[in-house]
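We name chains A, B, ... by the order of the sequence lines, and we start the count at 1 in each one.
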Number of protein chains: 2
Amino acid sequence: MATIKDIARLAKVTPSTVSRVLNHSGGYSEKTRRRVEKIADELHYQKNEAAVNLVAQTSNLIGVIVTNATTSFAAPIIDSIEDWAYQNGGRILLAHCGLNDSERLKTCLNLMAGRKVNGIISVSVQFDENNLKLLDQLQLPLISLGVKVSNQPMISIDNLKAATTGTNYLISRGYQRIALIAVDTSDPQTGRTRCAGYQKAMESAGLTPSIIPGDYSFAAGKQAAEFLLAKGELPEAIFAASDDAAAGVIYAAQEHGIKVPEQLAVLGFDNSSVASMIYPGITTIDQPFKQMGRLAIEHLTNQNVSSVELPYQIKERGSVAKYNSAQS
Amino acid sequence: MATIKDIARLAKVTPSTVSRVLNHSGGYSEKTRRRVEKIADELHYQKNEAAVNLVAQTSNLIGVIVTNATTSFAAPIIDSIEDWAYQNGGRILLAHCGLNDSERLKTCLNLMAGRKVNGIISVSVQFDENNLKLLDQLQLPLISLGVKVSNQPMISIDNLKAATTGTNYLISRGYQRIALIAVDTSDPQTGRTRCAGYQKAMESAGLTPSIIPGDYSFAAGKQAAEFLLAKGELPEAIFAASDDAAAGVIYAAQEHGIKVPEQLAVLGFDNSSVASMIYPGITTIDQPFKQMGRLAIEHLTNQNVSSVELPYQIKERGSVAKYNSAQS
DNA sequence: CTGAAAGCGCTTACAG
DNA sequence: CTGAAAGCGCTTACAG
């Protein structure tokens, strides 16, 4: 790999001058400029960013921590972060921390610190006590998407309101026996908040809440539906805590010859890619993932790291009927 | 951020000693060791990897280039690369190059070169002339997944054979009018090869091939099915060039009240996550994505960069009937 | 307009 | 067992 010195030697100038030319920082003759640039070109010179960062005392790196790549909604977020990076010459250091894997999250954090990232964006990552402490010691700006991490800034929708809105949407369509499923009740943030929102709406309407916990996955949704089916207690509508889970419900329903939405309405959460790939399309609560990614970057790069709450909306597709035909 | 010098000062030794202790390279007293480690700990010291890399002349970084995060099959590949990284202290520099965006790919390549990555893993990325030349100049080891990049090593399945196998599978089930859809015929590698495999199998069986090109997407699959439907020429079976496209076909079929697989069999390609989330499950050609990721890493780290061809297999689910009931 | 020097944070022979 | 020095590839005041 050619270095600045190689260029300097060939161009018969000092590294200082080469550096100036390559950085367009001015203070060299037109002639020198051309000579240096030509040689740099011929050598296919690539600046060693490690060296640059060392003197600049910055890494130009944004750390992104996600649980794993399979989480469907991580994709649009990473996409928007990457778009920013492309336009601004930033780079993305990616790490997966798994699910509730304290050791692995610790490794991720240390790795990010070692690379001196400018900031960390964590997507739906829960921090335990130890990692909270570590994060504090590392002094790295972090912005969390979707999950509240101690006193760190967060970008997310209002899960309580969203769950209430979703439930009310179902109620307003005429549904009464509505179950909330696949929601992680051990997750103090998202999970419990969504439960609370659902319960609030149900109780306000004088209806009895019924929750089947789960981990937001397709399997959890499928299991919940099968469980309900086996018990002969299929509700009129199922509010799934994620689109993956909604897909699981729809799968089970189709397997058992139950028509969606005629015999069972299904409301999802996220508006992730599956939502539109399944028939009938999943009516769901749209989370603005792309915007979340963009905002996270903006806040991090502007050092203006404060929490923000984004609007959500119901994306209507086919899995919920306009009116509850079962009632009419 | 504390540096090695800070530690040295507090521990009343020189940076050299601190370095030795922190790297466990021996040559210090037990007492010194304890003192240094204690102080490093108290300061929450994190080695500056940029500096380490500068002297070590390596970056410990693997560059991963994908078209975009939404490509469903990139996820398992990235997952397996990340797993390796976690276990081996490697780091992942992620970049998206978009679809046929020469400028962006160029930026990615330069970025990787600047960071002095140890190697690049590209996932389904096509290289045009210019970038091929750039890659050559940059002298970075690259291993490509799924797509042949000039004389670079590639890891993939045998697309020709896989397409033949898939087509024959359908034929052996009794289907005769079989269309291949959503395949990118402008893609000299994957696309055309799959076409060739399909055509070969059809012709060997004395059947007439029928191909509807597309970009492997859900939308392409849906459109193809709708087109066939509108023309009143729905075949007995559709071989979709990806699971996303297969999902599109199934969506269109359900919308039009056509039963899968009874009235229309659908065979997918990839065995990506959608395949099992749609009812009936998509019978598909399973590509060993996880293994591809693992192998790519192995080859890159062992400097043993040669092409390898991986086995594929048909994953049977519900979208193809065991026997063509329409015929019986 | 150009060069010499110091320094970013670390490692690693070389002395002692 | 420990330190002083040189160097990784770059940038940036400071002179001239």
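Rounding to whole angstrom units, CZ of residue Arg9(B) and C1' of dG3(D) are separated by 17 Å.
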Note, DNA chain D 5' to 3' with Watson-Crick or G-U pairs under 3.5 Å encoded as ( ), [ ], | and . gives |||.||||||||.|||
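For the residue pair Ala113(B) and Gln46(A), the shortest heavy atom distance occurs at CB-CG, 3.7 Å. The heavy-atom pair separating Asn53(A) from Thr58(A) by the smallest distance is CB-O, 2.9 Å. Here the shortest heavy-atom pairing between Tyr216(A) and Ser242(A) reads O-OG, 2.5 Å. Ser124(B) and Thr67(B) get closest at one heavy-atom pair: O-CG2, 3.7 Å.
Among the protein residues, Thr14(B) comes within range of the nucleic acid bases, having at least one heavy atom under 4.0 Å from a base atom.
In this structure, Glu82(B) pairs ionically with Arg104(A), as a charged nitrogen and a carboxylate oxygen lie closer than 4.0 Å.
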Which pairs would a plain distance check flag for residues 134-143 of chain A, meaning a side-chain donor or acceptor within less than 3.5 Å of a matching protein atom at least two apart in sequence or in another chain?
unit_1    : atom_1 : unit_2   : atom_2 : d
Gln137(A) : OE1    : His44(B) : ND1    : 3.2

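When atom types are taken as modelled, the side chain of Ser80(A) and the backbone of Lys290(A) share a donor-acceptor pair closer than 3.5 angstrom.
With respect to Gln126(A), the side chain to side chain donor-acceptor pair (under 3.5 Å) criterion is satisfied by exactly one of Asp184(A), Asp187(A), Thr190(A): Asp187(A).
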Quick tally for nucleotides 7-14 of chain D: nucleotides whose base has a protein heavy atom under 4.0 Å get B, sugar-phosphate-only ones S, the rest -, giving BBBBBBB-
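For the pair Thr32(B) and dC1(D), the criterion of a side-chain N or O lying under 4.0 Å from OP1 or OP2 is not met.
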